[in-house]
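No experiment lies behind these values; they were computed from the predicted model shown. Along the sequence shown, residues are numbered consecutively beginning with 1.
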Amino acid sequence: MITVESLPFDKSWANDLLPEFDKPYMKSLKAFLRAEKDKAKVIFPHSSLWFNALNSTPLDQVKVVILGQDPYPTPGHAHGLCFSVMPDVRPLPKSLINIFQELKDDLGVTKQNGCLQGWANQGVLLLNSVLTVESGKPNSHQGKGWEIFTDKVISVVNDLDHPVAFVLWGAYAQKKGAIIDTARHLVIRSPHPSPLSAHRGFFGSRPFSKINHFLQQQGHSEINWAI
């Protein structure tokens with residue numbers, strides 16, 4: 001049984017998310033993951049990083065949410081933050097290259113590596129819809145229960161008493177973000193930064209300057225996207 005003391009993420013989320021671990025879907029998800037490990041399947045990221053997004057960005061510090069789909073299935077890449085890779089990863093994933101190109105075009109900012117931990121530490125919740133994946137098999141853990149859990153996370157952030165900027169890149173994220181109250185929060189929608197779609201409106205969408213302008217209006221500190 002998971003208690004507040006044993007939660008695998010920041011305690012600020014406990015009141016809202018602790019009850020989820022007693023629900024049937026979560027028990028089924030836990031059994032699935034245990035069975036996969038018993039079959040000697042390699043799962044990314046490491047179990048200590050499954051909830052890295054929630055551990056890195058306490059609930060009361062969330063200012064921005066960027067929604068992703070599932071972790072990178074490539075060894076050494078995923079570490080629990082959507083779109084982010086470990087600092088020494090080369091070459092960078094193509095979607096991340098396009099995100100950084102838009103960042104440079106938008107604000108003139110150049111990132112030194114592909115790790116977005118510095119964004120998470122400033123209040124950017126980098127949340128994947130699905131928090132695990134089998135090595136080499138994208139989308140292999142979809143439909144196992146993670147989506148229900150992360151829908152709850154989005155709902156909790158949506159109910160915060162301060163406006164938040166939600167970034168929904170691509171149809172998948174936009175569908176998942178349907179519960180967001182657009183009257184209270186800033187919702188930025190554009191095509192996905194994937195090479196398959198980035199030229200259809202992701203490039204030139206200027207999400208980073210829009211976020212910082214919004215935060216300034218709310219009296220919050222801007223995100224230093226270079227970190």
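Going from atom OG1 of Thr150 over to atom CG of Leu67 covers 8.0 Å, rounded to the nearest 0.5 Å. In this structure, CD1 in Ile180 is found 10.0 Å from CD in Gln174, a value given to the nearest 0.5 Å. Between the NZ atom in Lys137 and the CD1 atom in Ile43 there is a gap of 11.5 Å [rounded to 0.5 Å]. Atom CD1 in Ile179 sits 5.5 Å away from atom CD1 in Ile154 (nearest 0.5 Å). Phe32 CZ to Lys144 NZ: the interatomic distance, rounded to the nearest 0.5 Å, is 5.0 Å.
Side-chain contact between Phe208 and Val109 is absent, with no heavy atoms from C-beta onward closer than 4.5 Å. Between Leu81 and Ser56 the shortest side-chain heavy-atom distance falls below 4.5 Å. The shortest distance between side-chain heavy atoms of Ser95 and Pro195 falls below 4.5 Å. You'll find the side chain of Leu125 stays beyond 4.5 Å of the side chain of Val64, heavy atoms only. Contact annotation: the side chain of Phe9 never approaches that of Leu59 to less than 4.5 Å [non-hydrogen atoms, C-beta and beyond]. Annotation: side chain of Phe149 is not in contact with side chain of Val130 (no heavy-atom distance under 4.5 Å). Within the 4.5 Å cutoff, the side chain of Ile99 has heavy atoms near those of the Phe202 side chain. Annotation: side chain of Ser135 is not in contact with side chain of Pro73 (no heavy-atom distance under 4.5 Å).
Side chains of Asp106 and Ser209: a donor-acceptor N/O pair is present below 3.5 angstrom, by distance only. Neither side chain, Ser205 nor Lys210, offers a donor N or O lying under 3.5 Å from an acceptor on the other. The closest side-chain donor-acceptor pair between Gln142 and Asn139 falls under 3.5 angstrom. Gln117 and Asn121 share a donor-acceptor pair across their side chains, judged by distance under 3.5 Å alone.
Of all the heavy atoms in Asn224 and Trp119, the pair that sits closest is O-CD1, 4.3 Å. When all heavy atoms are compared, the tightest approach of Lys111 to Trp225 is CD-O, 3.2 Å. Residue Pro191 comes nearest to Ser197 through the heavy atom pair CB-O, 3.6 Å, listed as atom of the first residue, atom of the second, then distance. When all heavy atoms of Ala78 and Pro71 are compared, the pair lying nearest together is CB-CB, 3.8 Å. In terms of heavy-atom proximity, Phe21 sits nearest to Lys27 at O-CG, 4.3 Å. The two residues Asp10 and Pro58 have their closest heavy-atom pair at OD2-CB, 3.5 Å.
Listed for the Arg189 side chain is no donor-acceptor partner under 3.5 Å among the backbone atoms of Gly170. Side-chain N or O atoms of His185 include one that pairs as donor or acceptor with a backbone N or O of Val164 at under 3.5 Å. At distances below 3.5 Å, at least one donor-acceptor pair connects side-chain atoms of Trp50 with backbone N or O atoms of Pro45. Side-chain atoms of Ser140 come within 3.5 Å of backbone N or O of Glu134 as a donor-acceptor pair. Listed for the Asn113 side chain is no donor-acceptor partner under 3.5 Å among the backbone atoms of Met86. Between the side chain of His46 and the main chain of Ser48, a donor-acceptor pair closer than 3.5 Å is present.
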Run Gln101 and Asp105 through side chain to side chain donor-acceptor pair (under 3.5 Å) and show every step you take. CA-CA 6 Å; Gln101 182 61 55; Asp105 293 344; 3.0 Å; yes

Please walk me through it: do Glu102 and Asn98 pass side chain to side chain donor-acceptor pair (under 3.5 Å)? CA-CA 6 Å; Glu102 179 61 20; Asn98 288 341; over 6 Å; no

Would you check, one step at a time, whether the test side chain to side chain contact (heavy atoms under 4.5 Å, CB included) holds for Asp70 with His141? CA-CA 8 Å; Asp70 67 342; His141 288 186; over 6 Å; no

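The local environment of NE2 in His213 is sparse, with at most 12 non-hydrogen atoms from other residues, nucleotides or ligands closer than 6.0 Å. For NZ of Lys104, the number of neighbouring non-hydrogen atoms (other residues, nucleotides, ligands) closer than 6.0 Å is 12 at most. Counting non-hydrogen atoms of other residues, nucleotides and ligands closer than 6.0 Å to CG of Asn15 gives a total of 12 or fewer.
Between His192 and Phe83, the ring centre distance stays below 6.0 Å. Residues His220 and Phe214 place their aromatic rings such that the two centres sit no closer than 6.0 Å. In this structure, Trp146 has its ring center closer than 6.0 angstrom to the ring center of Phe51.
Qualifying side chain to side chain donor-acceptor pair (under 3.5 Å) partners for Gln112, counting only residues two or more places apart in sequence or in other chains: none. Not a single side chain to side chain contact (heavy atoms under 4.5 Å, CB included) links Lys175 to another residue, sequence neighbours left out.
Applying the side-chain hydrogen bond (donor to acceptor under 3.5 Å, both in side chains) definition to pairs two or more places apart or across chains, those involving residues 83-94 are His79-Ser84.
Between Asp151 and Lys176 there is a salt bridge, since a side-chain N of the basic residue sits under 4.0 Å from a carboxylate O of the acidic one.
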